[in-house]
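Notes for the one structure printed next.
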Amino acid sequence: LAVAVIGFLTAIRLLPILLLLALPVLAAFASQRAVLGYLHGRRLVLGPGAAAGIVALLALSVPSLGHIGRLDPAIYPTKVVQDIPRNCRLFNSYLLGGYVLLERPDVQVSLDSRNDLYGAKRVTSDERLVRGQGDIAQGLAGAGCVLIRPDAELAQRLHTSSRWELNSSEPSAVLFVRLRTPGFDRPRRYD
């Protein structure tokens with residue numbers, strides 16, 4: 001259980017594993033006579049507290065019942081992702097990479113949030129670029145497409161660039177495609 005807690009503290013995606021490991025341990029602990037006596041003695045406080053917790057969870061979950069199993073269009077741009085040209089080398093924000101890989105395995109992404117393979121330095125560097133900081137030409141070298149939120153500073157800069165054109169947009173993301181110029185295909189980190 002301690003190893004799972006340490007794993008959860010380093011990567012939140014291990015929380016379900018911690019829960020599965022903790023349930024039998026907590027159930028065994030809660031079934032001891034002393035614990036049962038303690039809980040029984042405080043049932044007047046714990047009962048309403050548990051009921052209030054269940055009501056709070058229901059209040060949080062009810063708004064989601066209408067779209068269970070569907071992606072939130074405010075976060076994931078389904079149409080724009082489908083509009084990415086085939087085999088395009090994509091520069092994308094951290095949040096969108098995993099979704100692009102799921103929907104378009106033919107597209108090479110620059111980052112994805114499904115794992116921690118890239119390292120903090122790489123994630124920070126790309127997020128700085130999304131904020132419009134640093135050398136944008138160098139940061140986008142080798143990318144043929146850019147998928148980011150429309151309110152990102154990089155999106156504003158690409159709107160005014162003569163090297164990029166807006167290909168598709170939704171409220172949650174915009175897709176820019178590089179206009180072909182001689183000497184464009186320099187390799188970058190997407191390999």
Side-chain angles (χ1 to χ4, degrees), residues 7-8 10-16 60-61 63-191:
F8 158 67
T10 59
I12 196 167
R13 69 177 177 271
L14 296 177
L15 183 59
L60 290 173
S61 63
S64 300
L65 291 177
H67 60 82
I68 290 178
R70 289 182 297 190
L71 295 171
D72 184 356
I75 299 173
Y76 298 104
T78 54
K79 180 191 173 304
V80 171
V81 168
Q82 293 307 314
D83 290 344
I84 298 172
R86 188 162 174 72
N87 297 317
C88 187
R89 290 178 141 186
L90 182 70
F91 177 88
N92 55 278
S93 62
Y94 184 73
L95 179 64
L96 296 175
Y99 175 63
V100 172
L101 284 176
L102 177 66
E103 292 294 319
R104 295 289 308 278
D106 62 302
V107 175
Q108 295 177 26
V109 299
S110 59
L111 286 177
D112 74 271
S113 58
R114 299 173 311 145
N115 54 53
D116 299 328
L117 296 177
Y118 303 99
K121 184 178 178 183
R122 167 89 173 273
V123 172
T124 303
S125 170
D126 281 8
E127 287 302 315
R128 286 186 70 237
L129 194 61
V130 169
R131 290 190 308 264
Q133 301 169 346
D135 185 357
I136 291 177
Q138 176 64 29
L140 297 178
C145 302
V146 174
L147 179 66
I148 51 178
R149 292 198 48 83
D151 57 353
E153 180 63 30
L154 179 59
Q156 307 310 315
R157 302 227 352 229
L158 293 180
H159 271 295
T160 60
S161 174
S162 61
R163 295 182 177 179
W164 294 89
E165 88 176 333
L166 181 64
N167 181 283
S168 184
S169 68
E170 286 184 50
S172 58
V174 289
L175 174 66
F176 291 92
V177 176
R178 185 188 295 267
L179 298 172
R180 295 294 175 192
T181 57
F184 158 69
D185 290 322
R186 295 186 312 244
R188 187 173 145 51
R189 58 187 176 205
Y190 302 96
D191 305 317

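As a basis for the values below, the full set of heavy atoms in this structure was taken, side chains included, without hydrogen atoms, waters or symmetry mates.
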## Note on the structure
In this structure, CG of N167 is separated from CD of E165 (nearest 0.5 Å) by 6.5 Å
### Task
Mind checking the CZ-CG spacing from R163 to L179? Nearest 0.5 Å is all I need.
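The distance works out to 10.5 Å.
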### Query
Just by modelled atom types, is the I75 backbone N or O under 3.5 Å from a matching donor or acceptor in the R149 side chain?
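No.
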### Task
For R86 and D106, indicate whether the former's side chain and the latter's backbone hold a donor-acceptor pair under 3.5 Å.
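Between the backbone of D106 and the side chain of R86 there is no qualifying donor-acceptor contact (under 3.5 Å).
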Could you report the tightest heavy-atom contact between [X] and [Y], atom names first, then the distance?
| X | Y | answer |
| --- | --- | --- |
| E153 | R131 | CB-O, 3.1 Å |
| P85 | C145 | CD-SG, 3.7 Å |
| R104 | I84 | NH1-O, 2.7 Å |
| L140 | R178 | O-NH2, 2.6 Å |
| P150 | E170 | CG-O, 4.0 Å |
| V174 | A155 | CG2-CB, 4.0 Å |

### Query
side chain to side chain donor-acceptor pair (under 3.5 Å) with R157: which residues, sequence neighbours excluded?
none
#### Entry: Under the side chain to side chain donor-acceptor pair (under 3.5 Å) test, residues paired with D83 that sit two or more places apart
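Result, side chain to side chain donor-acceptor pair (under 3.5 Å) vs D83: K79, S168.
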### Task
Verify side chain to side chain contact (heavy atoms under 4.5 Å, CB included) between S110 and D126, making sure each step is shown before the conclusion.
CA-CA 8 Å; S110 59; D126 281 8; 3.9 Å; yes
Do [X] and [Y] touch side chain to side chain, with heavy atoms closer than 4.5 Å?
| X | Y | result |
| --- | --- | --- |
| L95 | Y76 | yes |
| V130 | F91 | yes |
| L147 | S93 | no |

### Identified side chain to side chain contact (heavy atoms under 4.5 Å, CB included) counterpart of I148 within the set L96, L154, L129
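Single side chain to side chain contact (heavy atoms under 4.5 Å, CB included) partner of I148 among L96, L154, L129: L154.
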### Task
Apply the side chain to side chain contact (heavy atoms under 4.5 Å, CB included) test between Y99 and each candidate in T78, D112, N92; give the one that qualifies.
T78
### Task
Begin from the C-alpha positions of Y94 and V123 and carry the test side chain to side chain contact (heavy atoms under 4.5 Å, CB included) through to its verdict.
CA-CA 7 Å; Y94 184 73; V123 172; 4.0 Å; yes
### Query
Could you go step by step and tell me if Q108 and L90 meet the side chain to side chain contact (heavy atoms under 4.5 Å, CB included) rule?
CA-CA 6 Å; Q108 295 177 26; L90 182 70; over 6 Å; no
### Task
Take F176 and H159 through the test side chain to side chain contact (heavy atoms under 4.5 Å, CB included) and record every step on the way to the result.
CA-CA 8 Å; F176 291 92; H159 271 295; 3.8 Å; yes
